Amino acid sequence: MALLELCLAFLAIGFLIYKWSTATFNTFEERNLYFEKPYPFVGNMGASAMQKASFQKQITEFYNRTRRHKVVGLFNLRTPMIQLNDPQLIKKICVKDFEYFPNHQQFISPNERLINDMVNVMRDQRWRHMRSTLTPVFTAAKMRSMFTLMNESFSECMQHLDTYSKTSSGKKGFEVDMKGLCKKLSNDVIATTAFGLKVNSFDDPKNEFHEIGQTLVFSQGLPFFKFMLCLSAPRLFNFLKLKIFDSGKVDYFVRLVVEAIRYREEHNITRPDMIQLLMEAKKESEDNWTDDEIVAQCFIFFFAAFENNSNLICTTTYELLQNPEIQERLYEEVKETQEALNGGTLNYDTVQKMTYMDMVISESLRKWTLAAAADRLCSKDYTLTDDEGNKLFEFKVGDNVSIPICGLHWDERYFPEPRKFDPERFSEERKGELVPYTYLPFGVGPRSCIANRYALMQVKGFLYNLLLSYKIEASARTTKDLWESARGFNVTPSSGFWMQLVPRKE
Ligand code: HEM
Ligand SMILES: *[C@@H]1O[C@H](CO)[C@@H](O)[C@H](O)[C@H]1NC(C)=O
Ligand SMILES: *[C@@H]1O[C@H](CO)[C@@H](O)[C@H](O)[C@H]1NC(C)=O
Ligand SMILES: *[C@@H]1O[C@H](CO)[C@@H](O)[C@H](O)[C@H]1NC(C)=O
Ligand SMILES: *[C@@H]1O[C@H](CO)[C@@H](O)[C@H](O)[C@H]1NC(C)=O
Ligand SMILES: *[C@@H]1O[C@H](CO)[C@@H](O)[C@H](O)[C@H]1NC(C)=O
Ligand SMILES: *[C@@H]1O[C@H](CO)[C@@H](O)[C@H](O)[C@H]1NC(C)=O
């Protein structure tokens with residue numbers, strides 16, 4: 001008897017869970033929008049949720065199958081998203097009628113310190129004020145002085161490689177995991193440019209900043225698991241009073257910044273980093289930002305810079321080793337740049353002048369889109385029409401919008417032969433052929449990436465240093481097919497980004 005009751009209870013629970021996992025799945029039928037059949041729990045994201053494909057591949061293939069519809073319904077796990085497949089409509093929603101879609105999708109739990117103070121999470125007026133406070137922080141002039149902090153981390157990285165190079169003399173170079181190397185570099189660059197702290201993770205990989213910072217990178221380990229739980233079951237997450245990040249670790253970073261601010265105010269110290277720029281911005285702003293609100297902006301670097309900047313270096317070096325002619329041409333440019341400097345150190349303006357470097361990075365950002373999709377949240381009811389005035393869709397308050405960036409980047413109507421790595425797409429002569437609103441590596445409109453200059457400066461500056469000293473070649477462990485072997489939100493092969501570095505000079 002008891003056994004029967006137990007079985008019935010299990011069945012009932014199973015049924016409820018199934019109901020919950022599919023509860024949103026009639027949304028698009030009701031609203032008369034084209035969609036593909038979703039599966040329980042995973043929606044249309046089966047392959048990436050089950051770790052069978054990267055998020056990029058999943059989004060690209062979904063876009064490829066549905067692109068004949070300008071607007072389609074997508075189930076991102078259980079969340080219904082309205083995906084815009086047409087560049088003109090993207091312009092309309094993200095730029096022209098931005099006031100109807102001024103925020104990002106809201107998913108983070110409300111009991112998280114700092115997260116809700118980050119500019120990318122802020123909403124409406126509060127976002128508007130913080131964004132205009134931060135805009136002067138990321139200008140070219142400010143980046144110019146920040147570059148002088150980055151270049152020290154570059155040379156520490158090069159010194160580290162140098163020691164490998166010496167121990168492997170006689171052989172044809174040495175093998176490195178580019179991802180591991182770039183993570184250390186990113187860590188040191190974030191420490192010095194955002195938190196005012198000089199560390200060297202190459203000589204001292206166990207430094208406190210690195211150890212604690214690693215626990216905050218949400219694309220890996222426990223934070224990733226909690227983040228996914230928060231995404232898929234936010235109410236359960238809040239009910240259990242869970243937090244994505246350990247509050248002791250968060251406190252460490254808050255103390256770091258707050259103490260630095262106090263110390264600098266007392267001792268009149270200036271240093272061209274984020275803390276300094278935020279102190280200035282705060283003074284000039286009419287808003288009375290709290291300490292937490294200021295610290296939160298430094299915190300963004302962990303989410304936005306850490307993975308993205310290292311991934312961009314990895315995908316670019318991966319393409320360079322597969323395309324030796326492109327690498328050779330880039331090396332020529334780097335060599336000429338060094339000669340023009342006449343023994344001086346690399347600076348921001350010289351980095352900006354490397355045009356072929358810019359073409360290579362632009363193409364790398366196209367082919368290996370780091371942010372697979374951007375999102376918007378509808379905050380006022382809105383009727384979407386096409387150019388002829390035909391109604392396409394009625395948006396309601398609370399609707400989530402998705403912009404399939406990597407789908408557009410791999411659409412052969414906009415980028416012929418999308419699998420080919422071809423920096424010439426971005427040459428002076430051919431740049432004009434780009435269809436507006438199809439190339440969106442940093443997003444689009446007033447809510448686009450605030451720090452694209454910072455990211456490009458770091459990646460170009462590092463590549464300059466790397467290419468001057470080494471030729472990048474494939475090693476035995478180099479991934480053959482990155483597109484097929486990448487998993488998760490990063491285009492990173494599970495085995496790592498192994499490559500061979502061959503010294504240019506003996
Ligand atoms: C290669 C590196 C990077 C890429 C590809 C990238 C890409 C993006 C994308 C696609 C968005 C969303 C834009 C949209 O919704 O239209 C975004 C937003 C943002 N990014 Fe980045 N990003 C990078 C590096 C950084 C760095 C280093 C920071 C450091 C502070 C940063 C800070 C932000 C912020 C604050 C936002 C939100 C802006 C807002 O909501 O007003 N990003 N980024
Ligand atoms: C898109 O679909 C077409 C036809 O099915 C296929 O030939 C093409 O390779 C696909 N593109 C991508 C990027 O998957
Ligand atoms: C970094 O740049 C600054 C300013 O140009 C220069 O004084 C310094 O020597 C450079 N440091 C390294 C390690 O190249
Ligand atoms: C800092 O500078 C201000 C004015 O620039 C000056 O009044 C103050 O005495 C200085 N403080 C210290 C500790 O040097
Ligand atoms: C700003 O906030 C701080 C602390 O909350 C308060 O002490 C100060 O008086 C405020 N200043 C203005 C101008 O509102
Ligand atoms: C890259 O940056 C964007 C926006 O700042 C962020 O949403 C995304 O999670 C980052 N990607 C990774 C892999 O960290
Ligand atoms: C939009 O996304 C958020 C976060 O995933 C979700 O909580 C909300 O229910 C979604 N809105 C709609 C209308 O589905």
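This chain uses plain numbering: 1 for the first residue, then up along the sequence. All ligand and atom numbering here is 1-based and tracks the order in the structure. Note that this is a predicted model, so its numbers are computed, not measured.
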Output all residues satisfying side-chain contact (heavy atoms from CB on, under 4.5 Å) with Asp349, sequence neighbours left out; order by chain, then residue number.
-> Arg144, Asn347

Show which atoms of ligand 6 fall inside a sub-4.0 Å distance from at least one heavy-atom site of Glu307.
-> 12 (C), 13 (C), 14 (O)

N or O pair under 3.5 Å between Gln105 and ligand 7 | yes

Looking at the rings of Tyr382 and Tyr100, which for Trp means the six-membered one, are their centres under 6.0 Å apart?
-> yes

Tell me, please, which residues at least two apart from Arg31 pass side-chain hydrogen bond (donor to acceptor under 3.5 Å, both in side chains).
-> Asp399

Is there a donor-acceptor contact under 3.5 Å from the side chain of Gln56 to the main chain of Arg487?
-> no

For Pro80, the ligand 7 atoms with a heavy-atom partner under 4.0 Å come out as 14 (O)

Does an N or O from Phe303, backbone or side chain, lie closer than 3.5 Å to an N or O of ligand 6?
-> yes

So, Phe25 versus Phe75, ring centres under 6.0 angstrom or not?
-> yes

Min N/O separation Leu377 to ligand 7 under 3.5 Å = no

Under 4.0 Å from ligand 7, counting heavy atoms only, is it the side chain of Lys396, its backbone, both or neither?
-> neither

Listing by chain and number, which residues have a heavy atom under 4.0 Å from ligand 3?
-> Thr148, Asn151, Ser155, Thr345

What do you reckon, are the aromatic ring centroids of Phe28 and Tyr34 less than 6.0 Å apart?
-> no

Hey, what do you get for CE (Met122) to CZ (Arg131), rounding to the nearest 0.5 Å?
-> 12.5 Å

Assert yes or no for the condition that the ring centre distance of Tyr464 to Phe154 is strictly below 6.0 Å.
-> no

Return the set of residues passing side-chain contact (heavy atoms from CB on, under 4.5 Å) with Thr438 (not counting sequence neighbours), or none when no residue passes.
-> Pro87, Tyr414, Phe415, Val435

Does Arg504 make a cation-pi contact with Tyr331, if we ask for NZ or CZ under 6.0 Å from the ring centre and within 45° of the axis?
-> yes

Purely on distance, is any nitrogen or oxygen of Gln106 under 3.5 Å from one on ligand 7?
-> no

Which atoms of ligand 7 are found less than 4.0 Å from any heavy atom of Gly398?
-> 11 (N), 12 (C), 13 (C)

